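See structure below.
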Amino acid sequence: MPKKKTTGLDEYGAKRDFSRTPEPRAGIGRPGTGAGFVVQKHLARHLHYDLRLEVDGALKSWAIPRGPSMDPHEKRLAVATEDHPLAYIDFEGVIPPGEYGAGVVMVWDYGTYRNMKEEEERPVSMAEGLLNGHLTVWLEGKRLKGGFALIRTPRGWLLIKMDDTFADARRDLLLTETVSALSGRTIEEIGREGSGG
Ligand code: MN
């Protein structure tokens, strides 16, 4: 029998009680597109935004306390968190009290991304970029667009908008885009309706 492939999703499963949380189990749901991404607004004990990039069959994840910015001068701390299953890419709903991440999850942005990382004109895979602590991706979201760098520092990862035509220091998307990019619902509506609404 072939050895079970390690997906890196054991931590995800260990943190959750699937008889209580509506979040998807690892290993179920549709296959990914190969290059999807999502940013989920997560009203937990502390409001934050979770960035997830599809890499090699899982969603590599970071919690961004202050959310993404379109201003290249803003360096936003991005705390690496456990891999999430691909099915999480369109999860929106309520994680019940007492469960890990209890609160409301909204799909704030979603779309596809392209790995832009090259070194001396040689493409660098996402897996390699994660190991090296330096990713550059081009996001094609409903809201976030253009190049973004994720750089690992001794104090954590930083998410930084690259200076391209989509960079905009005057627009704060976190203030102007307040409803779900997927369902159009507010955080309050998702909180009332859960994942079924
Ligand atoms: Mn979160």
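From a predicted model like this one, the values you see are computed outputs, not experimental measurements. When a ligand or atom number is given, it counts from 1 through the structure's own listing order. As a basis for the values below, the full set of heavy atoms in this structure was taken, side chains included, without hydrogen atoms, waters or symmetry mates.
Among heteroatoms of the N, O or S kind in His42, ND1 lies nearest the Mn ion (ligand 1). Minimum-distance N/O/S atom of His48 relative to the Mn ion (ligand 1): NE2. Counting just the N/O/S atoms of Asp50, the one with the shortest distance to the Mn ion (ligand 1) is named OD2.
Inter-residue side-chain proximity for Lys60 and Asp83 is flagged as met; some heavy-atom pair is nearer than 4.5 Å.
If you chain together hydrophobic residues whose side chains sit under 4.5 Å apart, Val39 and Leu173 fall into the same group.
Note: Phe91 and Tyr88 have tilted aromatic rings, judged against thresholds of 30 and 60 degrees for the angle between ring planes.
For the residue pair Asn132 / His134, no side-chain donor-acceptor distance below 3.5 Å is found, with atom types taken as modelled.
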